[in-house]
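In this chain, residues are counted from 1 in sequence order.
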Amino acid sequence: MFTSTEKLTESTQGAELPFPKYEIDGFFLLSIMNGNETLRVNPALSDEAFFKASDLKEYYKADIKKLMEKMNLGK
């Protein structure tokens, strides 16, 4: 996972990728994780970091709840 398009370009050294790029809301990504995953952010770059999904889910619990409520509007 990359924090920006610029970070992706830096990682690939500007090479065109043979597959599509997708952008996903971070809170949505966390909401569909079970918590056992490890997220690797900006792989192979100087600011590479690893995060336990369970820690992020707990820290952003209120934001994830708001997103889930927003997604359920109109149902």
Side-chain angles (χ1 to χ4, degrees):
M1 170 179 2
F2 295 93
T3 55
S4 68
T5 304
E6 293 78 19
K7 289 292 185 175
L8 173 61
T9 302
E10 180 183 345
S11 177
T12 61
Q13 299 177 350
E16 285 296 318
L17 300 176
F19 46 84
K21 296 173 259 188
Y22 297 97
E23 184 175 332
I24 186 169
D25 180 273
F27 296 137
F28 179 72
L29 177 63
L30 288 174
S31 76
I32 61 174
M33 297 182 129
N34 65 27
N36 295 325
E37 302 87 353
T38 298
L39 294 172
R40 183 178 180 188
V41 179
N42 296 332
L45 299 179
S46 62
D47 59 346
E48 177 180 51
F50 293 85
F51 298 93
K52 290 172 45 180
S54 58
D55 292 343
L56 294 173
K57 286 175 72 93
E58 181 62 30
Y59 186 82
Y60 292 109
K61 186 183 338 186
D63 297 296
I64 293 168
K65 182 178 179 185
K66 287 178 194 174
L67 175 64
M68 293 296 98
E69 290 170 353
K70 182 179 177 182
M71 291 176 66
N72 287 325
L73 286 177
K75 286 189 174 184

K.L.:
Please tell me whether I24 and I64 are part of a single hydrophobic cluster in this structure, the criterion being side-chain heavy atoms less than 4.5 Å apart.
P.N.:
yes

K.L.:
With a 4.5 Å cut-off on side-chain heavy atoms, are M33 and L56 touching?
P.N.:
no

K.L.:
What pairs with F27 under ring-ring contact (aromatic ring centres under 6.0 Å, His included), at least two apart in sequence or on another chain?
P.N.:
Y60

K.L.:
List the atom of S31, the atom of M68, and the distance in Å for their closest heavy-atom pair.
P.N.:
OG-CE, 3.4 Å

K.L.:
Would you confirm whether N42, through its side chain, and T3, through its main-chain N or O, come within 3.5 Å as a donor-acceptor pair?
P.N.:
yes

K.L.:
Side-chain contact, heavy-atom cut-off 4.5 Å: D63 with L30?
P.N.:
no

K.L.:
Which heavy atom in P43 sits nearest to a heavy atom in M1, and how many Å separate them?
P.N.:
CD-O, 3.4 Å

K.L.:
Strictly by side chain to side chain donor-acceptor pair (under 3.5 Å), give each pair with a member in residues 9-25 just once, sequence neighbours left out.
P.N.:
none

K.L.:
Among all residues two or more places apart in sequence or in another chain, which pass the salt bridge (Lys or Arg N to Asp or Glu O under 4.0 Å) test with K52?
P.N.:
none

K.L.:
Side-chain heavy atoms under 4.5 angstrom apart, residues restricted to Ile, Leu, Val, Met, Phe, Trp, Tyr: same cluster for V41 and F2?
P.N.:
no

K.L.:
Side chain of E37, backbone of G35: donor and acceptor closer than 3.5 Å?
P.N.:
yes

K.L.:
Run the salt-bridge test on K61 and E58 with the 4.0 Å N-O cut-off and return the result as yes or no.
P.N.:
yes

